[in-house]
A.B. asks: 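Just passing along the structure, written as structure tokens.
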Amino acid sequence: MPEQKETEAKTNFIYTMIKEDLEKGALGESPVHTRFPPEPNGYLHIGHAKAILLNYSLAKTFNGLFNLRFDDTNPVKEEQEFVDSIIEDIRWLGADWGERLFFSSDYFETKFEFALRLIRAGYAYVCDLDPDQVRAYRGTLTEPGKESPFRERPVEENLDLFERMRKGEFPNGSRVLRAKIDMSSGNLNMRDPVLYRILHSSHHRTGDQWCVYPMYDFDHPFSDVLEGITHSLCSIEYSDHRPLYDWIVDRAVELFPEVVKYRSRQTEFARLNLTYTVMSKRKLRRLVEEGHVNGWDDPRMPTIAGLRRRGVTPEAIADFQEKVGVSRADSTADLALLDYCIRQDLETRTPRLMAVLDPVRVVITNWPEGKIEDLEMENIPGDEEAGTRMVPFSGEIYIERDDFMEDPPKKYFRLAPDREVRLKSAYIIKCEEVIKDENGTVSELRCSYDPLTKSGADNSGKKVKGVIHWVSAAHAAPVRVNIYDNLFTAENPEEAEEGDFTSQINPHSLLVLDNVLAEPAAAEAIPGSRFQFLRKGYFYLDPDAAETGKPVFNRTVPLRDSWAKKQKS
RNA sequence: UGGGGUGUGGCCAAGCGGUAAGGCACGGGACUUUGGAUCCCGCAUUCGUAGGUUCGAAUCCUACCGCCCCAGCCA
């Protein structure tokens, strides 16, 4: 026999790169050090979860450090509300930054000093061009730019102007600090990028202390260097910024060595896309603001908050992330894979309950008048420690409307006239009579039960193919159920044939079921707990649902349904 | 038409000169008091295309093609 193939840890090109760095001793004394750098201007989504988990797990597997650092360099867009939600979401995901919570704004003073040093060394200058002029001077993708008339301003004048910018002597947009690099570079980012701009705007942390704020390209690499980030991971669209990132790091090493903890390097990977949804902050914001969903935490949203409220677990998200992998190629992961990961996680950890989503009444004609029998049911099949519970059974029950068919197709194993079916953990019943209302819809089924077929003690010799769930009429707990479907009908809403992505919104993405009858235990369930409603799916007791007078269960994900699949084909 | 990326089955993704991992999806079967779960089996003669190098190429070379990103004082 060949020896068992060793189970390898999930790897990707970044993991491999770090491993090689370590083997070569390229990091010197530094531990592997990563960071997640959100801008607090919106809610985190599952795409961010990929970055968070990637950075965190890399630091963890290499015994390194992981920072949470808010990139808060633009006060006009950023708010404390988002800082709070981001912290909550990352914590919930399980990424632990320990004491290492930082803000870019923590280093504003040091950054200003760095800017001063750039000026003194002749690497930066104050430019008086207005925004339109800067754009015009920049050139185009195919034509080189022109040098600013202020490019050769003397150092002393630059210093004086920059200090006065800080003091607030100039209005927004009147001047900027620019790096002196190369106006003819094929890479637009190198055409004398803006380092600082004037923003007379109150910052959520520093208040009115500053009116000049650093730009991302200046701020980010320098923050990395200050924190000792060894591997600065970001998405592909920053590839073009890498030369500038390196330029800033090099200048820091050259001019400000006493604060440089590590010569940080940037590595890019493809961001995550998902079928049947959109992922950009801008689009998600529109969904919220235009009322297509009920807020950032609407369970239909791909936000962390939305997924959480739908009942998805952080473990399922981590598993999904790992299964999707990391590469540099543009990709769109299949939502079916996420669903799979969710089911897989919930399968073994979720207690079962019976709930009838669309009830039809069943009267058991030969059941002893007034008798109530408590039946024992497993909480989690295959998991004895999860125990059992008692569920009341009686002569009047409800079953699922689609578990009965008057004229069933071939291979339909459920209830039909004169046919038998097993009631889960109870008895086998036979449909004797169908009662309809004036519209012709079935209003009641009259059935007989076979006392010899009691679950666990069946000595009738009967074999039935179908097993259905039920709930005793007198004991049923009324609950509300939210059935969620994809928010978009198109696999890739961004590629809408006509109109924008909102034209692809699924009008049936939310179905509210208000006549659901569940077994009694549902009424006592703790908000925030998860259940599998037998044969129906996984559900989450919404802790934030509006007051409805009854529990509200959100469907996290349906169970696989091979019968429904067969019906379609 | 400038610069930077990227193309492996329906969707992801390994592979790094020795003869296409794995997962999801899909199809078939077994089992089943959830048509769930679980378990089997099947699923790329071929790696964007065309040439070339080599005993041997998804891997090296050349050319071409497709797709993505970049012209914020956003990040």
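Treat the numbers as computed from the prediction; the structure is a model and nothing was measured. Chain naming here is simple, since letters A, B, ... match the order of the sequence lines and numbering starts at 1 in each. When reading the values below, keep in mind they use all heavy atoms of this one structure, side chains included, and skip hydrogens, waters and symmetry mates.
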A.B. asks: Counting side-chain heavy atoms from CB outward, which of B:rG23, B:rC70, B:rC73 is closest to A:Val176?
C.D. replies: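 Looking only at side-chain atoms, A:Val176 lies closest to B:rC73.
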A.B. asks: Looking at B:rG5, B:rG36, B:rA75, which one has an atom nearest to any side-chain atom of A:Arg328?
C.D. replies: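 Comparing B:rG5, B:rG36, B:rA75 against the side chain of A:Arg328, the answer is B:rG5.
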A.B. asks: Would you say the side chain of A:Ser425 and the base of B:rU33 hold a donor-acceptor pair, judged only by whether the two atoms sit under 3.5 Å apart?
C.D. replies: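 Donor-acceptor pair under 3.5 Å: no.
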A.B. asks: Do A:Trp296 and A:Arg285 touch side chain to side chain, with heavy atoms closer than 4.5 Å?
C.D. replies: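 With C-beta onward as the side chain, the pair touches.
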A.B. asks: If the test is side chain to side chain contact (heavy atoms under 4.5 Å, CB included), which one of A:Lys180, A:Met183, A:Arg191 qualifies with A:Glu147?
C.D. replies: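 Only one of A:Lys180, A:Met183, A:Arg191 forms a side chain to side chain contact (heavy atoms under 4.5 Å, CB included) with A:Glu147, namely A:Met183.
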A.B. asks: Decide, for B:rG42, between syn and anti: a glycosidic angle within 90° of 0 counts as syn, anything else as anti.
C.D. replies: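 Because its glycosidic torsion lies more than 90° from 0, B:rG42 adopts the anti conformation.
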A.B. asks: Is A:Ser562 near enough to B:rG36 that one of its side-chain N or O atoms lies under 4.0 angstrom from OP1 or OP2?
C.D. replies: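 It does, given that an N or O in the side chain of A:Ser562 lies less than 4.0 Å from OP1 or OP2 of B:rG36.
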A.B. asks: Just say parallel, tilted or perpendicular for the rings of A:Phe501 and A:Phe488, cut-offs at 30° and 60°.
C.D. replies: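 A:Phe501 and A:Phe488: tilted rings.
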A.B. asks: Is A:Lys565 near enough to B:rC26 that one of its side-chain N or O atoms lies under 4.0 angstrom from OP1 or OP2?
C.D. replies: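 For B:rC26, OP1 or OP2 has a side-chain N or O of A:Lys565 closer than 4.0 Å.
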A.B. asks: Is a salt bridge present between A:Arg205 and A:Asp72, judged by a nitrogen-to-oxygen distance below 4.0 Å?
C.D. replies: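 Result for this pair is no, no salt bridge flagged.
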A.B. asks: Check if the side chain of A:Asp561 and the base of B:rG35 share a donor-acceptor pair of N or O atoms closer than 3.5 Å.
C.D. replies: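 Side chain to base: no pair present.
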A.B. asks: Picking from B:rC70, B:rA75, B:rU34, which would you name as closest to the side chain of A:Leu141?
C.D. replies: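 The answer is B:rC70.
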A.B. asks: Which part of the nucleic acid, if any, lies within contact of A:Gly537, taking any heavy atom under 4.0 Å across all strands shown: a base, the sugar-phosphate backbone alone, or nothing?
C.D. replies: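 Nothing, no nucleic acid heavy atom in range.
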A.B. asks: Please list, pair by pair, any protein nitrogen or oxygen found under 3.5 Å from a nitrogen or oxygen in nucleotides 37-41 of chain B.
C.D. replies:
{"unit_1": "B:rA37", "atom_1": "O2'", "unit_2": "A:Glu347", "atom_2": "OE2", "d": "3.2"}

A.B. asks: Of all the choices, B:rG3, B:rC74, B:rC12, which nucleotide is nearest to the side chain of A:Val324 once you look at every atom?
C.D. replies: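 Out of B:rG3, B:rC74, B:rC12, the nucleotide with an atom closest to A:Val324's side chain is B:rC12.
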A.B. asks: Decide side chain to side chain donor-acceptor pair (under 3.5 Å) for A:Thr73 and A:Asp219; before the verdict, give the C-alpha distance in whole Å, the side-chain angles of both, and the deciding distance to 0.1 Å.
C.D. replies: CA-CA 8 Å; A:Thr73 58; A:Asp219 184 272; 5.3 Å; no
A.B. asks: Just compare B:rG5, B:rA75, B:rG7 and give me whichever is closest to any side-chain atom of A:Ala329.
C.D. replies: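 From the listed options, B:rG7 comes nearest.
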A.B. asks: Please report the distance separating the P of B:rG22 from the corresponding atom of B:rC41, rounded so that it comes out in whole Å.
C.D. replies: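 Looking at atom P only, B:rG22 and B:rC41 are 11 Å apart.
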A.B. asks: Determine the interatomic distance between P on B:rU19 and the same-named atom on B:rG10; round to the nearest Å.
C.D. replies: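 Rounded to whole Å, the distance is 25 Å.
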A.B. asks: Rounded to whole angstrom units, what separation is found between the CZ atom of A:Phe13 and the P atom of B:rU59?
C.D. replies: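 Going from CZ in A:Phe13 over to P in B:rU59 covers 21 Å.
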A.B. asks: For the side chain of A:Val467, starting at C-beta, report the closest nucleotide among B:rU33, B:rA75, B:rG36.
C.D. replies: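 When the side chain of A:Val467 is considered, B:rU33 is the closest of B:rU33, B:rA75, B:rG36.
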A.B. asks: Could you check whether A:Ser460 and A:Asp450, counting side-chain N and O atoms only, form a donor-acceptor pair closer than 3.5 Å?
C.D. replies: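 Checked: A:Asp450/A:Ser460 side chains show no N/O donor-acceptor pair below 3.5 Å.
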A.B. asks: May I have the step-by-step check of side chain to side chain donor-acceptor pair (under 3.5 Å) for A:Asp192 and A:Tyr137, ending in yes or no?
C.D. replies: CA-CA 10 Å; A:Asp192 287 12; A:Tyr137 274 76; over 6 Å; no
A.B. asks: Choose from B:rC73, B:rC74, B:rU33 the nucleotide whose nearest atom is closest to any side-chain atom of A:Lys424.
C.D. replies: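 Looking only at side-chain atoms, A:Lys424 lies closest to B:rU33.
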A.B. asks: Can you find a donor-acceptor N/O pair under 3.5 angstrom joining the side chain of A:Arg535 to the base of B:rU34?
C.D. replies: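 Flag unset: no donor-acceptor pair detected.
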A.B. asks: What heavy-atom pair brings A:Asn172 and A:His200 nearest, and what distance separates the two atoms?
C.D. replies: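 Shortest heavy-atom contact: OD1-N, 2.8 Å.
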A.B. asks: Which nucleotide, in any strand shown, forms a Watson-Crick or G-U wobble pair with B:rG66, with both distances under 3.5 Å?
C.D. replies: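 For B:rG66, the partner nucleotide comes out as B:rU6, under the 3.5 Å rule.
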A.B. asks: It should be established whether A:Arg138 places a side-chain nitrogen or oxygen under 4.0 Å from OP1 or OP2 of nucleotide B:rG72.
C.D. replies: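 True: A:Arg138 side-chain N/O within range (under 4.0 Å) of B:rG72 OP1/OP2.
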A.B. asks: Is A:Ser331 touching bases, backbone alone, or none of the nucleic acid, heavy atoms closer than 4.0 Å?
C.D. replies: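 The answer is sugar-phosphate, as A:Ser331 gets under 4.0 Å only of primed atoms, P, OP1 or OP2.
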A.B. asks: Find the distance between OG1 (A:Thr453) and CD1 (A:Ile428) and round it off to the nearest 0.5 Å.
C.D. replies: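 So the gap between those two atoms works out to 4.5 Å.
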A.B. asks: Quick one: is A:Arg135 getting a side-chain N or O under 4.0 Å of the B:rG72 phosphate, OP1 or OP2?
C.D. replies: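 Yes, because at least one side-chain N or O of A:Arg135 sits under 4.0 Å from OP1 or OP2 of B:rG72.
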A.B. asks: Would you mind telling me which of B:rG3, B:rA71, B:rA25 lies closest to the side-chain atoms of A:Asn187?
C.D. replies: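 Side chain of A:Asn187 sits closest to B:rG3.
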A.B. asks: Taking only the side-chain heavy atoms of A:Glu39 (C-beta and beyond), determine which of B:rG2, B:rC74, B:rC73 contains the nearest atom.
C.D. replies: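 The answer is B:rC74, which lies nearest to the side chain.
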A.B. asks: Check every strand shown and say whether A:Lys411 touches a base, only sugar-phosphate, or nothing at a heavy-atom separation below 4.0 Å.
C.D. replies: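 A:Lys411: base contact, heavy atoms under 4.0 Å.
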A.B. asks: Looking at B:rA75, B:rC73, B:rU33, which one has an atom nearest to any side-chain atom of A:Asp130?
C.D. replies: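 The nucleotide sitting nearest to the side chain is B:rC73.
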A.B. asks: Write down the distance separating the C1' atoms in B:rA14 and B:rG23, rounded off to the nearest Å.
C.D. replies: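 About 11 Å, rounded to a whole number of Å.
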A.B. asks: Using the rule for Phe, Tyr, His and the six-membered ring of Trp, do A:Tyr216 and B:rA75 stack at under 5.5 Å and under 30°?
C.D. replies: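 A stacking contact does not exist, since A:Tyr216 is not both close and nearly parallel to the base ring of B:rA75.
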A.B. asks: Does the side chain of A:Arg197 get closer than 4.0 angstrom to OP1 or OP2 of B:rC74 through an N or O atom?
C.D. replies: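 Result: yes.
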A.B. asks: Reckon A:Leu335 touches a base, only the sugar-phosphate, or nothing at all at heavy-atom distances under 4.0 Å?
C.D. replies: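 Touches nothing.
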